[in-house]
Amino acid sequence: FNTRQTYLGSSDTSAIGVNATDAWSITTGSPQNIIAIVDTGILNHIDISDNLVGGAAANSGYDFISPIIENGITYHDISRDGDGRDSDPTDAGDLGGANGYNTWHGLFVASIIGAKGNNGIGAAGVNWNGHLLALRALGQGGGWVSDISDAIKWAAGSSVSGVPNNTNKAQVINLSLGSG
């Protein structure tokens with residue numbers, strides 16, 4: 001397939017997109033490459049599950065989303081899974097996403113990066129033989145900068161208070177974040 005994208009409002013695609021087919025003639029990635037995806041988490045999907053560091057969504061990284069708790073009362077839990085930070089980066093969806101629908105943005109990004117190639121399913125990711133480390137730092141409607149920062153540190157192999165050490169240090173950290 002052609003991975004070039006046309007920029008809206010312009011027919012000039014010379015500086016836009018990735019010519020992945022030419023790159024794949026050189027390499028399709030390596031299982032030793034670990035790419036951390038700091039986003040909304042991950043879901044099991046036939047096209048990426050083999051590339052998750054833990055082999056399944058629940059074992060493939062860490063959930064860094066922290067609720068705001070004062071005097072034992074949870075005031076704002078953007079995680080939608082109700083249990084704070086834990087070892088399960090499964091994406092609960094974002095009911096505050098576009099048009100009120102679940103967006104599962106982390107799965108979308110993970111697929112662009114690491115969906116299996118040459119398997120007759122869906123599309124191929126840019127690095128279809130690398131391993132994906134899912135770091136859930138964004139939830140319903142966004143996330144806390146402190147959670148994002150901790151996820152980045154952890155992905156790079158630094159220690160984070162209250163979180164077990166990362167045994168799958170990333171060589172690349174992907175951030176597909178935005179803010180108004």
Side-chain angles (χ1 to χ4, degrees), residues 18 29-45 47-70 73-98 101-116 125-180:
V18 174
S30 165
Q32 287 77 35
N33 296 119
I34 297 178
I35 302 102
I37 301 166
V38 179
D39 211 295
T40 63
I42 197 78
L43 293 170
N44 288 317
H45 189 280
D47 222 14
I48 65 165
S49 291
D50 287 346
N51 286 348
L52 297 173
V53 295
N59 306 321
S60 63
Y62 207 83
D63 179 352
F64 282 90
I65 298 177
S66 302
I68 294 176
I69 301 172
E70 292 179 8
I73 299 170
T74 301
Y75 286 98
H76 188 63
D77 184 6
I78 62 173
S79 72
R80 297 196 59 241
D81 66 4
D83 60 5
R85 288 185 170 189
D86 60 40
S87 61
D88 182 356
T90 301
D91 189 345
D94 180 5
L95 293 176
Y101 298 106
N102 287 317
T103 58
W104 294 293
H105 189 263
L107 177 62
F108 175 72
V109 172
S111 297
I112 291 169
I113 294 170
K116 278 291 189 188
V126 175
N127 182 351
W128 77 56
N129 284 315
H131 276 110
L132 305 172
L133 179 66
L135 304 174
R136 188 166 185 247
L138 301 171
Q140 184 172 0
W144 309 113
V145 173
S146 56
D147 292 342
I148 296 165
S149 174
D150 282 351
I152 293 168
K153 287 189 283 189
W154 191 80
S158 295
S159 62
V160 174
S161 180
V163 177
N165 289 333
N166 176 9
T167 59
N168 296 294
K169 182 179 172 184
Q171 286 75 40
V172 176
I173 301 173
N174 178 84
L175 299 165
S176 179
L177 312 175
S179 179

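Any value given below was found using the heavy atoms of this structure, including those in side chains, with hydrogens, waters and symmetry copies removed.
In this structure, A155 and A36 approach most closely via the heavy-atom pair CB-CB, 3.6 Å.
The closest side-chain heavy-atom distance from D50 to K116 is below 4.5 Å. When side chains are defined from C-beta on, L133 does not count as touching I37, because their heavy atoms never get closer than 4.5 Å. The closest side-chain heavy-atom distance from D88 to R136 is not below 4.5 Å. At least one side-chain heavy atom of L138 sits under 4.5 Å from a side-chain heavy atom of I148. Looking at L135 and I152, their side chains never come closer than 4.5 Å, going by heavy atoms from C-beta outward. Looking at heavy atoms from C-beta onward, D91 lies out of side-chain contact with L107 at the 4.5 angstrom threshold. For the pair P164/S87, no side-chain contact is recorded, criterion being any heavy-atom separation below 4.5 Å from C-beta on. Side-chain contact between V126 and I113 is absent, with no heavy atoms from C-beta onward closer than 4.5 Å.
At least one donor-acceptor pair closer than 3.5 Å links the side chain of T40 to the backbone N or O of G106. In this structure, the side chain of H131 engages the main chain of P31 through a donor-acceptor pair within 3.5 Å. Side-chain atoms of S60 come within 3.5 Å of backbone N or O of A57 as a donor-acceptor pair.
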Q.
If you apply the rule side-chain contact (heavy atoms from CB on, under 4.5 Å), what do you find for V172 with N33, and how did you get there?
A. CA-CA 8 Å; V172 176; N33 296 119; over 6 Å; no
Q: Show your working on side-chain contact (heavy atoms from CB on, under 4.5 Å) between V38 and N174 and close with a plain yes or no.
A: CA-CA 6 Å; V38 179; N174 178 84; over 6 Å; no
**Q.** side chain to side chain donor-acceptor pair (under 3.5 Å) between D39 and H105, intermediate numbers included
**A.** CA-CA 7 Å; D39 211 295; H105 189 263; 2.9 Å; yes
**Q.** Test log, rule side-chain contact (heavy atoms from CB on, under 4.5 Å), inputs S176 and V109
**A.** CA-CA 8 Å; S176 179; V109 172; 4.0 Å; yes
Q.
Applying side-chain contact (heavy atoms from CB on, under 4.5 Å) to V53 and L132, what does each step give before you reach the verdict?
A. CA-CA 6 Å; V53 295; L132 305 172; 6.0 Å; no
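Rounded to the nearest 0.5 angstrom, D150 CG and S161 OG are separated by 8.5 Å. Taking NZ of K153 as the reference point, atom CG of N166 lies at 14.0 Å (rounded to 0.5 Å). Put simply, OG on S111 and CG on N51 are 10.0 Å apart, with the number rounded to the nearest 0.5 Å. One distance of note links CD1 of I42 with OG1 of T90; it measures 9.0 Å at 0.5 Å rounding.
Inspection of the D147 and S66 side chains reveals an N or O donor paired with an N or O acceptor under 3.5 Å.
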